[in-house]
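What you see below is based on every heavy atom in this structure, not just the backbone, and it leaves out hydrogens, waters and symmetry mates. Nothing fancy with the numbering, it's 1 onward along the sequence.
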Amino acid sequence: MDLFAVSSVEPPIVNEVEMNAADLGSVTVRATVVQASTVFYDTPATLDKAERLIAEAASYGSQLVVFPEAFIGGYPRGSTFGVTIGSRSAKGREDFRKYHASAVDIPGPEIDRLASLALKHKVYLVMGVIERSGYTLYCTIVYFDPEGRYLGKHRKLMPTALERVIWGFGDGSTVPVFETPVGKIGGLICWENRMPLLRTALYAKGVEIYCAPTADSRDVWQSSMIHIALEGGCFILSANQFCRRKDYPAPHEYSFAGLEQEPSPDSIVCRGGSVIISPAGEVLAGPNYEGEGLISADLDLGEIVRAKFDFDVVGHYARPEILSLIVKDHEHKPVSFVCSDDNNES
């Protein structure tokens with residue numbers, strides 16, 4: 001384990017993939033998982049911090065860099081946004097306005113900057129963002145290649161608990177796996193990793209490097225990550241934030257609900273647990289509960305083939321005549337317009 005302290009966007013250009021029999025035995029990829037906190041309500045400062053961390057990872061020879069859930073835009077831990085059943089407070093609406101202002105458009109200038117950072121440091125970049133689409137927010141992963149190209153995104157399909165008040169729901173059109181020279185890269189966010197059918201969709205697309213940005217720092221999260229590595233025969237890169245109370249706005253502006261008293265500035269409110277796991281279930285780096293930092297590991301893609309020899313969940317261990325899955329991967333729009341002249345739908 002290595003532990004280190006701390007242009008306009010075009011449409012996706014990397015095709016989703018089918019599994020093939022390419023020889024992976026000679027491919028080794030150095031991957032880095034970032035464990036660090038957002039600069040809350042300050043997206044420009046968070047982007048500056050991301051640049052420093054990407055540069056540090058690249059200086060260690062990393063080819064792939066993975067950031068936590070909602071790193072750009074922030075994970076609003078402890079906030080209720082003034083919501084109770086049947087009412088919302090004025091302060092909660094203002095909290096949402098500020099959170100909305102911290103989110104990023106896709107495409108947009110923040111995405112352009114992330115693309116330029118991937119190009120500058122010649123890395124594949126996997127970044128957790130809060131995406132703004134009009135007045136609805138989504139918890140999203142965005143992907144970039146070392147040529148500075150935006151590859152695509154995944155929107156979280158199922159926000160957890162009160163997250164459903166502030167984030168919209170993704171659909172099957174943004175569950176990609178991208179074929180790259182360093183492996184087939186895809187990912188899911190936090191507790192949607194506990195959705196067996198959604199994981200199976202990624203396995204069927206041939207995911208080899210499975211990214212799992214999260215906000216869950218409990219010990220049991222490690223068990224889930226090891227299970228998914230074994231189940232999918234893939235590498236797991238799980239990135240979480242390490243946050244103290246002082247990483248969030250001051251108490252008069254931002255309060256932590258559900259606690260008996262306001263945490264002290266140095267109180268840990270998310271202890272991280274970022275980890276890298278092999279297809280055999282071996283922990284290669286982490287889990288890091290010590291603070292902000294980078295963890296890195298060299299991924300021998302030949303391990304995937306060796307693991308699949310034992311268990312290939314969508315291959316020789318499948319029984320499609322008994323159990324099968326249908327994935328509806330088209331976009332769901334709330335409004336469609338049909339031209340009355342030629343009856344063409346747009």
Side-chain angles (χ1 to χ4, degrees), residues 1-6 24-39 45-69 71-72 113-129 141-149 151 178 180-187 208-214 217 222 225 229 234-243 270-280 282-304:
M1 178 186 88
D2 294 324
L3 173 62
F4 309 103
V6 269
L24 301 177
S26 62
V27 179
T28 300
V29 178
R30 174 155 290 188
T32 292
V33 168
V34 174
Q35 179 163 293
S37 65
T38 302
V39 184
T46 303
L47 285 164
D48 289 343
K49 184 173 185 177
E51 180 170 11
R52 294 192 298 271
L53 293 164
I54 293 166
E56 186 175 355
S59 74
Y60 303 131
S62 294
Q63 299 159 274
L64 169 65
V65 184
V66 181
F67 277 76
E69 177 180 9
F71 184 77
I72 306 295
R113 183 171 179 190
L114 291 171
S116 71
L117 293 177
L119 173 63
K120 178 179 179 180
H121 297 288
K122 298 300 180 186
V123 296
Y124 287 90
L125 177 60
V126 180
M127 177 66 72
V129 305
I141 304 172
V142 286
Y143 298 85
F144 305 87
D145 75 5
E147 301 302 316
R149 294 176 292 198
L151 302 182
F178 301 105
T180 79
V182 299
K184 299 168 187 174
I185 303 171
E208 295 167 345
I209 300 176
Y210 183 126
C211 304
T214 188
S217 62
Q222 304 300 319
M225 295 298 96
C234 51
F235 288 95
I236 299 294
L237 281 62
S238 182
N240 198 359
Q241 299 194 31
F242 182 94
C243 305
C270 182
R271 65 190 187 115
S274 299
V275 69
I276 301 175
I277 301 170
S278 81
E282 177 186 359
V283 175
L284 302 178
N288 174 19
Y289 294 112
E290 299 173 13
E292 291 198 339
L294 311 181
I295 61 171
S296 296
D298 291 330
L299 315 183
D300 172 9
L301 299 192
E303 287 295 320
I304 296 169

Which atom of Gly273 lies closest to which atom of Tyr289, heavy atoms considered: CA-CE2, 3.4 Å

Sidechain-backbone polar pair: Thr28 side chain, Asp300 backbone, donor-acceptor under 3.5 Å: no

Contacts of type ring pair (Phe, Tyr, Trp, His ring centres under 6.0 Å), residue Tyr143, not counting sequence neighbours: Phe178

For Leu47, all residues meeting side chain to side chain contact (heavy atoms under 4.5 Å, CB included), sequence neighbours excluded: Thr43, Ile72, Glu110, Arg113, Leu114

Partners passing salt bridge (Lys or Arg N to Asp or Glu O under 4.0 Å) against Lys120 (at least two apart in sequence or in another chain): Glu51

Those residues that, when tested against Phe235, pass ring pair (Phe, Tyr, Trp, His ring centres under 6.0 Å) (two or more places apart): none

Shortest non-hydrogen contact between Gly272 and Asn240, atoms and distance: O-ND2, 3.0 Å

From Glu208 atom CD to Leu299 atom CG, the distance as rounded to the nearest 0.5 Å: 11.0 Å

Atom pair CD/CG of Glu303 and Leu284 - distance to nearest 0.5 Å: 8.5 Å

Considering all heavy atoms, the nearest Val182-Ile209 contact: O-CD1, 3.2 Å

For Tyr210, all residues meeting side-chain hydrogen bond (donor to acceptor under 3.5 Å, both in side chains), sequence neighbours excluded: Asn193

Side chain to side chain contact (heavy atoms under 4.5 Å, CB included) partners of Ala57, counting only residues at least two apart: Thr32, Ser62, Val65, Leu294

Any donor-acceptor pair under 3.5 Å from Gln241 side chain to Glu69 backbone: yes

side-chain hydrogen bond (donor to acceptor under 3.5 Å, both in side chains) partners for Ser37, two or more places apart: Lys49, Glu292

Partner of Leu237 by side-chain contact (heavy atoms from CB on, under 4.5 Å), out of Val275, Val126, Val33: Val33

Rounded distance [0.5 Å steps], CD1 in Ile277 versus SG in Cys234: 10.0 Å

Minimum-distance pair of heavy atoms, taken over all atoms of Ile304 and Pro279: CG1-CG, 3.9 Å

4.5 Å side-chain heavy-atom contact, Phe67 and Leu125: yes

Side-chain donor/acceptor of Gln35 to backbone N/O of Ile295, under 3.5 Å: no

Ala280: side chain to side chain contact (heavy atoms under 4.5 Å, CB included) partners, not counting sequence neighbours: Ser278

Minimum heavy-atom distance Ala50-Phe71, with the two atoms named: CB-CE2, 3.9 Å

Residue pair Ala45 / Val39: nearest heavy atoms and the distance that separates them: CB-CG1, 3.9 Å

Test item: Ile141 and Cys211 side chains (from C-beta on) under 4.5 Å apart, heavy atoms: no

Atom pair CD/CD1 of Gln222 and Ile236 - distance to nearest 0.5 Å: 11.5 Å

